[in-house]
Every structure is written in C-alpha cells, then in structure tokens.
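Shown next, in structure tokens, is the structure this report addresses.
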Amino acid sequence: MQLSIELTGRTVLVAGTDAAARQAVLRYRAAGAVVRRLTGPDAPAAAGPLPFLVAAVDDGQPGWPARLDRFRAAGVPVAAEPAAGPAGHVTLVGGGPGAGELLTVAAVAALRDADVVFYDRLAPHQDLPSLTTAELVDVGKTPGHHKVSQAGIEELMVNAAQAGANVVRLKGGDPYVFGRGGEEVTACVRAVLPVRVISGVTSAVSVPAAAGIPVTHREVSRLFTVVSGHAPLTEDEHRHLTGLGGTIVVLMGIGTLHQLAAGLRRAGMRADMPVAVIERGYQPGQRTTIADLGGITTAAAGCGNPAVLVIGEVVRVAEANRGCDAAAAELDRLAASLVGA
Ligand code: SAH
C-alpha cells in the first residue's frame with residue numbers, strides 16, 4: 001500500500017547508517033521534511049519533541065526492532081525505507097521507448113537507489129526528478145551530434161563509481177539493441193567495477209506496437225529482423241533481407257530511407273510491399289506514415305528522427321485492425337442510438 005502524507009516542515013527521524021540512509025535522507029529533504037538522524041539502534045536520541053515520523057532504513061543492524069518498537073509505543077509511526085544502492089556499482093538500465101509507464105519495475109528500483117544518473121536523449125528523462133534523488137547528468141546524443149563522446153561517457157561512469165557512487169546509466173529502449181551497452185559493460189569490467197544490466201522495452205518492437213503493428217503475425221510473418229539504418233546497407237544485405245521474407249524493422253533509418261527502398265527494390269522486393277514510418281513513438285506528436293515500397297521515399301519526405309521503419313505485410317494487419325476499430329466504433333454508436341430511442 002502507498003500513502004501520501006504532507007511532510008513540509010515536519011520532523012522526520014531517518015534511522016540507519018549514513019551509507020544505507022544517504023538516499024532516504026535526500027528523499028525526505030526533497031519532500032520538505034526537517035530530517036534528524038539516528039545512525040544505530042543504541043545511539044542516544046536527540047533532545048526535543050518526538051518526531052512526526054520515523055523512516056527506518058533496512059541497514060541490517062540487529063538492534064533496530066526493539067528501538068523502533070519504543071517509537072511505536074510512544075505513538076510515532078514507523079515507515080520502512082529501502083537501503084541505498086551499493087556504492088561503487090554501475091547499472092545499465094534500459095529505459096524503454098520514452099514513456100514513463102514502460103519503465104520496468106527493476107528500472108524504477110535502480111533509479112530510486114542511484115546516486116548519479118547519466119541519461120540519454122531517448123530515455124524517459126522527463127520523469128527522473130520524481131523517480132530519484134540522484135544527481136542527473138544529460139549525456140544525450142542527437143544524430144550526428146554527441147553531447148559527450150562515447151569514451152567521455154564511459155570515463156564519467158567509471159570515475160563516478162570509483163569515487164563511491166551508485167551509478168545508473170539510463171539508456172533509451174534496451175541497452176543491448178544499438179545502445180553500445182556492451183562497450184559500456186566492457187569499460188566497467190576493465191576498471192574492475194561491479195556492473196549489471198537491466199533490460200528495457202526496445203523501440204524495435206514497442207514503437208511498431210504503438211502504431212498497432214505486430215512485428216510477427218500468424219500466417220503473415222514468422223520472423224523479424226532488426227537492422228540499423230545508421231549507414232546504408234550493402235547490396236548483399238538488401239538481397240538477404242529480401243530473401244528472408246519476414247518483417248524488417250529499421251532503427252536510425254530516416255537518413256538512409258531512400259537508399260534502403262531503392263536497394264530492396266533492386267534486390268527484387270515487390271513495389272507494393274507496405275512500409276510504415278512511425279515517428280516519436282509514445283511521445284506527443286506520434287505520427288505514422290504508411291505507403292508502399294515504391295512510394296515511401298516521397299510519402300516520408302517530411303519525416304524526422306526518432307523513427308522506426310517497418311517493412312512487411314504486418315503493416316496491413318494494423319490497417320485491417322484499424323478498420324475493425326472503426327467498425328466497432330460504428331456499432332457502438334448504433335447501439336447507443338438504439339438504447340436512446
Ligand atoms: N536501444 C534503443 C535503440 C537505440 S538507437 C532501443 O532498444 O530502442 C536509436 C533509434 O531507436 C532511433 O533512431 C529510432 O530509430 C529508435 N527509437 C527509439 N525510441 C524511439 C521512439 N520513441 N520513437 C521512434 N523511434 C525510436
């Protein structure tokens with residue numbers, strides 16, 4: 001159960017060692033509370049009136065239950081608080097396609113426990129201030145323009161963890177799908193730092209879904225290939241992709257769309273193969289442009305990053321379902337008018 005209480009100006013006693021309580025202290029201060037500290041179950045109580053609330057951080061010291069019971073007996077509520085994340089660790093977190101609600105439970109916990117978060121442009125960073133008290137560092141990249149170089153990001157992460165911080169590296173989508181997650185793990189391993197990876201919801205699957213497109217569909221497509229359009233594909237790659245006969249999902253593909261469409265046509269893909277371009281999935285201004293392979297370059301001329309391209313018959317499934325949606329809405333309208341009659 002979650003309970004919201006107004007804490008502005010209230011005295012909260014945060015119980016737990018400095019290391020374990022460091023983020024709870026920041027959280028309560030951010031909520032406006034006047035924080036007092038109790039670092040161990042045998043530490044003397046500060047003089048003065050009883051606190052409004054005791055925030056008991058789970059730091060593993062055995063004497064806490066008896067001490068906390070004394071507060072309860074005096075009528076002070078005791079709230080359990082998680083201990084801060086481990087110091088000197090790095091966690092690569094997949095943030096999903098940009099919607100706060102597509103963060104995983106593990107991602108939310110890692111953010112809550114972080115001392116510093118290095119985040120990317122496509123990660124759901126607008127929500128960060130409500131999810132963590134960590135220092136927030138924007139290392140975001142826009143196509144062709146890196147705010148901080150990849151080596152610079154790795155150095156920042158490693159330095160912060162070596163200085164004792166619990167570091168979260170928040171990335172868009174999944175860290176291992178065109179996210180350079182592998183390189184960042186290697187940088188941590190080289191620096192002998194503990195590192196873990198929390199998978200995220202990749203845009204390769206979720207952004208098509210936001211437009212109603214399933215990347216596989218029974219009897220339509222039983223495979224999907226995710227490919228980077230960062231650089232033009234080779235003729236071999238065009239041929240292989242065409243030969244597979246499944247769904248093709250392209251990330252970072254806006255800049256090379258015309259080369260891809262022409263290459264797939266040269267490799268023998270039908271000109272009437274449907275193509276969808278989904279821009280800004282889960283963001284305000286999400287937009288889907290659908291055309292056939294022969295006409296997509298013209299149809300998508302005004303499309304921009306970030307966008308996911310989907311090439312394949314599955315695009316028609318979305319169109320058919322939209323037709324069903326419209327039919328269902330029409331039936332609802334009819335039913336409502338009958339009830340009203
Ligand atoms: N690791 C990420 C992909 C990083 S590459 C993941 O798993 O999703 C960046 C590309 O992802 C963008 O150029 C775009 O093609 C795609 N992308 C990520 N988020 C997107 C969104 N919200 N809408 C559309 N495309 C998105």
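This one's a predicted model, so the numbers in the text were calculated from it and none came from an experiment. For ligands, and for the atoms within them, numbers begin at 1 and follow the listed sequence. Residue numbers count from 1 along this sequence.
In terms of protein heavy-atom proximity, atom 22 (N) of ligand 1 is closest to Pro97 O, 2.8 Å. Nearest protein neighbour of atom 1 (N) of ligand 1, counting heavy atoms only, is Val177 O, 2.6 Å. Remark: minimum distance from atom 23 (N) of ligand 1 to any protein heavy atom is reached at Gly281 N, 2.8 Å. The protein non-hydrogen atom at the shortest distance from atom 15 (O) of ligand 1 is Ala307 O, 2.6 Å. When only non-hydrogen protein atoms are considered, atom 13 (O) of ligand 1 lies nearest to Met252 CG, 3.2 Å. For atom 24 (C) of ligand 1, the closest non-hydrogen atom on the protein side is Pro306 O, 3.5 Å. Protein heavy atom in closest approach to atom 19 (N) of ligand 1: Ser203 CB, 3.7 Å.
Contacts between Thr202 and ligand 1, counted as non-hydrogen atom pairs separated by less than 4.0 Å, involve both the backbone and the side chain. Contacts between Lys171 and ligand 1, counted as non-hydrogen atom pairs separated by less than 4.0 Å, are absent for every part of the residue. The proximity of Ser228 to ligand 1, defined as any non-hydrogen pair under 4.0 Å, does not occur for either the backbone or the side chain.
Judged purely by atom type and a 3.5 angstrom limit, Arg22 uses its side chain to pair as donor or acceptor with the backbone of Ala19.
Those atoms of ligand 1 with a heavy atom of Asp174 less than 4.0 angstrom away are 1 (N), 6 (C), 7 (O). The ligand atoms of ligand 1 that sit less than 4.0 angstrom from a heavy atom of Arg280 are 23 (N), 24 (C). Short contacts between ligand 1 and Gly173, defined as distances under 4.0 Å to a heavy atom of the residue, involve ligand atoms 2 (C), 6 (C), 7 (O), 8 (O).
The side chain to side chain donor-acceptor pair (under 3.5 Å) test applied to Asn321 returns no partner, not counting sequence neighbours. Taking Phe224 as the reference, nothing meets the ring pair (Phe, Tyr, Trp, His ring centres under 6.0 Å) condition, with sequence neighbours excluded.
Ion pairing between a basic and an acidic side chain is recognised when a charged N comes within 4.0 Å of a carboxylate O; Glu154 and Arg180 show no such pairing. Under the 4.0 Å criterion applied to side-chain N and carboxylate O atoms, Asp120 and Arg169 are assigned as salt-bridge partners. Asp42 has no carboxylate O lying under 4.0 Å from a charged side-chain N of Arg67, or vice versa, which leaves the two without a salt bridge. The pair Arg322-Glu319 does not meet the salt-bridge criterion, since no charged nitrogen lies less than 4.0 angstrom from a carboxylate oxygen.
Using modelled atom types, one finds no donor on one side chain facing an acceptor on the other under 3.5 Å when comparing His240 with Glu237.
Phe178 counts as a contact of ligand 1, since one of its heavy atoms falls under 4.0 Å from the ligand.
Atom CZ of Arg196 is surrounded by 12 or fewer heavy atoms from other residues, nucleotides or ligands within 6.0 Å. Other residues, nucleotides and ligands contribute over 12 non-hydrogen atoms within 6.0 Å of the CD atom of Gln126.
Of the candidates Asn305, Leu122, Ile278, it is Leu122 that places a heavy atom closest to atom 12 (C) of ligand 1.
Residue Gly172 places at least one N or O, backbone or side chain, under 3.5 Å from an N or O of ligand 1.
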